[in-house]
Amino acid sequence: MLPLTLLLLASTPIFQDSSFQEETVGQLEIGYGVAIGDVDGDGRPDLLVADKRELAWYRSPKWDRHVLARDLTERDNVCIAARDLDGDGKVEVAVGGAWNPGDTQTSGSIHYLVAPQDRTQPWAPIALPHEPTVHRMRWVRVGEGRCDLVVAPLHGRGNKNAQGAGVRLLAYRPPADPTQPWSTTLLDDTLHVTHNLDSCQWEPETEAEEVLFIGLEGALLIERAEAGWSRRRLEGLEGGGEIRMGRHADGTRFVATIAPFHGNRLLVHHEAMDGTFIPTLLDDTLRGGHAIAVADLVGDAGQEIVAGWREPNPDGEVGIKLFQRTPGGEWKGSWIDRGGMATEDLRLADLDGDGRVDIVAAGRSTKNLKVYWNREEN
């Protein structure tokens, strides 16, 4: 059992209710994955969603909906990654699908979507080789102005009851012509059931980003170097489902996780002098914890944690909470959405250019896509 410090959360919200203004953008079937990026090159961030059968984007600021692709496979889509890879101000998009976690042999798919000249029209899918149970993906900057698509399955090939082959975390290198073969690099195969990964700037002086990877057996930091990729276990982090890195105003790192897998506990970890991580429990009333994001929402140079869950907690509530570290080092929590968002995924970005980071979330049983505008009180 890991040592935990349980902090009493202040009853006074950090933000008043009027600080975050809800806007329902659309209705979804499941809303497996959300991404944010400028799709049409107009300088405004748009929203992209991997829903059950369709992949769609919503154009800012009126949120006009356009379908990227539909029915790519006979089963559900499950994840989406969007990033401007070539510096033209428009995102490139990859998606994962054929979602069937019970099939560890033949399930899964990866498609790179080629944009038409009119990006409101359907995009052309290019199928890529894949491992079974494709579950999460991110575009990760690897240096020299290049990004790889890092893809994580849920299970290892042929696994049963978390036993057998390790999960093959692969980095896909896009060629100049995406219809040509993509080279792949194995980043890790030591974990047997995983859930999420994220790109981060663990070492701020490096051009390349690092990858955080978490599963039932723990968490890894995977780094890019001249000799290739290396990995190390983050000691002190128990296994879980969600992971993000953040920084305090003084530049020190922290790691936020939800544990266990689809768990009820939101944890923040601070690095000790010996390189191990010491966990602090922020909240143990989540149920089906399924999303974390980290950013400076307050404007104090430090970063806050936004966490969402998709199943009713002991009080019968789904929702989203925000946690902020006080000058005294304690963490205080407040509600963003209490009962109206069964959070399957969430992302953070400044959507309207006012310098304040907003929240985007997709709900599973609530079947909704919302923006929470971070605005000054009137």
Side-chain angles (χ1 to χ4, degrees), residues 30 32-35 50 52 55 72-82 93-113 125-140 142 147-174 181-199 210-222 229 231 233-234 237 239-244 257-263 290-292 344-345:
I30 292 180
Y32 283 102
V34 178
K52 183 179 175 68
L55 300 144
L72 289 179
T73 69
E74 294 181 355
R75 301 189 70 90
D76 293 4
N77 305 305
V78 72
C79 56
I80 186 167
V93 179
V95 299
W99 176 234
N100 183 5
D103 177 2
T104 61
Q105 292 282 6
T106 64
S107 68
S109 69
I110 302 172
H111 286 87
Y112 177 78
L113 302 183
I126 297 173
L128 302 179
H130 62 86
E131 293 293 307
T133 66
V134 167
H135 187 239
R136 293 289 183 264
M137 56 174 54
R138 294 283 188 275
W139 292 109
V140 178
V142 296
C147 290
D148 286 357
L149 181 67
V150 178
V151 182
L154 186 72
H155 298 290
R157 183 182 292 272
N159 272 12
K160 294 182 180 180
N161 301 317
Q163 301 295 317
V167 171
R168 287 172 55 83
L169 181 70
L170 294 175
Y172 290 72
R173 174 64 54 86
W182 294 43
S183 62
T184 59
T185 301
L186 178 65
L187 305 189
D188 183 69
D189 61 357
T190 64
L191 304 179
H192 294 82
V193 180
T194 68
H195 193 262
N196 216 334
L197 77 157
D198 197 40
S199 59
E210 291 77 33
V211 176
L212 287 172
F213 191 33
I214 193 167
L216 284 179
E217 298 154 285
L220 304 176
L221 174 68
I222 302 172
W229 294 87
R231 67 176 182 269
R233 185 172 291 270
L234 298 180
L237 273 70
E242 308 299 326
I243 188 166
R244 296 289 186 273
T257 63
I258 291 178
F261 198 90
H262 289 176
H290 214 256
I292 303 176
E344 182 75 7
D345 196 16

Counting C-beta onward and ignoring hydrogens, is there a side-chain heavy-atom pair between Tyr32 and Cys79 closer than 4.5 Å? no

Report the C-alpha distance between Leu154 and Arg136 in whole Å, list the side-chain angles of each, state the deciding distance to 0.1 Å, and finish with yes or no for side-chain contact (heavy atoms from CB on, under 4.5 Å). CA-CA 8 Å; Leu154 186 72; Arg136 293 289 183 264; over 6 Å; no

Could you pull out the closest heavy-atom pair between Trp99 and His135, with the gap in Å? CH2-CD2, 3.3 Å

Indicate the atoms forming the closest heavy-atom contact of Trp139 with Ala81, along with that distance. NE1-O, 3.3 Å

Any luck finding a side-chain donor-acceptor pair between His192 and Glu217 under 3.5 Å? yes

Provide the closest heavy-atom pair for Ala291 versus Ile258 in the form atom of the first, atom of the second, distance. O-CD1, 3.8 Å

Do any N or O atoms from the side chain of Thr257 and from the backbone of Ala259 form a donor-acceptor pair under 3.5 angstrom? no

If you round to the nearest 0.5 Å, how far is CZ of Arg231 from CG of Leu187? 9.5 Å

Between Lys52 and Asp76, is the closest basic N to carboxylate O distance under 4.0 Å? yes

What pair of heavy atoms forms the shortest contact from Pro153 to Pro132, and how long is it? CB-O, 3.2 Å

Carefully, step by step, assess His195 and His262 under the rule ring-ring contact (aromatic ring centres under 6.0 Å, His included). CA-CA 9 Å; His195 193 262; His262 289 176; 4.9 Å; yes

If we only count heavy atoms from C-beta on, is the Thr185 to Leu170 side-chain gap below 4.5 Å? no

Side chain of Asn77, backbone of Gly97: donor and acceptor closer than 3.5 Å? no

State which residue, out of Asp188, Val142, Leu186, fulfils the side chain to side chain contact (heavy atoms under 4.5 Å, CB included) condition with Trp229. Val142

Looking at side-chain heavy atoms only, is the closest gap between Val167 and Val193 below 4.5 Å? no

Give the minimum heavy-atom separation between Leu169 and Ala152, together with the two atoms involved. CD1-CB, 3.6 Å

Candidate list Ile222, Leu234, Asn196, test side chain to side chain contact (heavy atoms under 4.5 Å, CB included), partner Leu212, passing option: Leu234

Do side-chain atoms of Thr194 reach the backbone of Gly215 as a donor and acceptor pair under 3.5 angstrom? no

Looking at every heavy atom in both Leu191 and Gly218, which two are closest together, and how far apart are they? CD1-O, 4.3 Å

Nearest 0.5 angstrom please: Thr104 OG1 to Arg157 CZ, how far? 9.0 Å

What is the distance from atom CG of Asp345 to atom CD1 of Ile292, rounded to the nearest 0.5 Å? 11.5 Å

Distance col, row Arg244:CZ vs Asp198:CG, nearest 0.5 angstrom, shows 4.0 Å

Between Asp103 and Gln105, is there a donor-acceptor pair closer than 3.5 Å when you use the side chain of the first and the backbone of the second? yes

Would you give the length of the straight line joining atom CD1 of Ile214 to atom CZ of Phe261, rounded to the nearest 0.5 angstrom? 10.0 Å

Quick check against the 3.5 Å criterion: does Asn159 have a side-chain atom that pairs as donor or acceptor with the backbone of Gly166? no

Donor-acceptor contact present, side-chain Thr133 to main-chain His155, <3.5 Å: yes

For a 4.5 angstrom cut-off between non-hydrogen side-chain atoms, does Ile243 reach Leu197? no

Can any side-chain N or O of Tyr172 pair as donor or acceptor with the backbone N or O of Pro129 at less than 3.5 Å? yes

Any heavy-atom pair between the side chains of Ile110 and Met137 that's under 4.5 Å? yes

NE2 of His111 to NE2 of His130: how many Å apart, nearest 0.5 Å? 8.5 Å

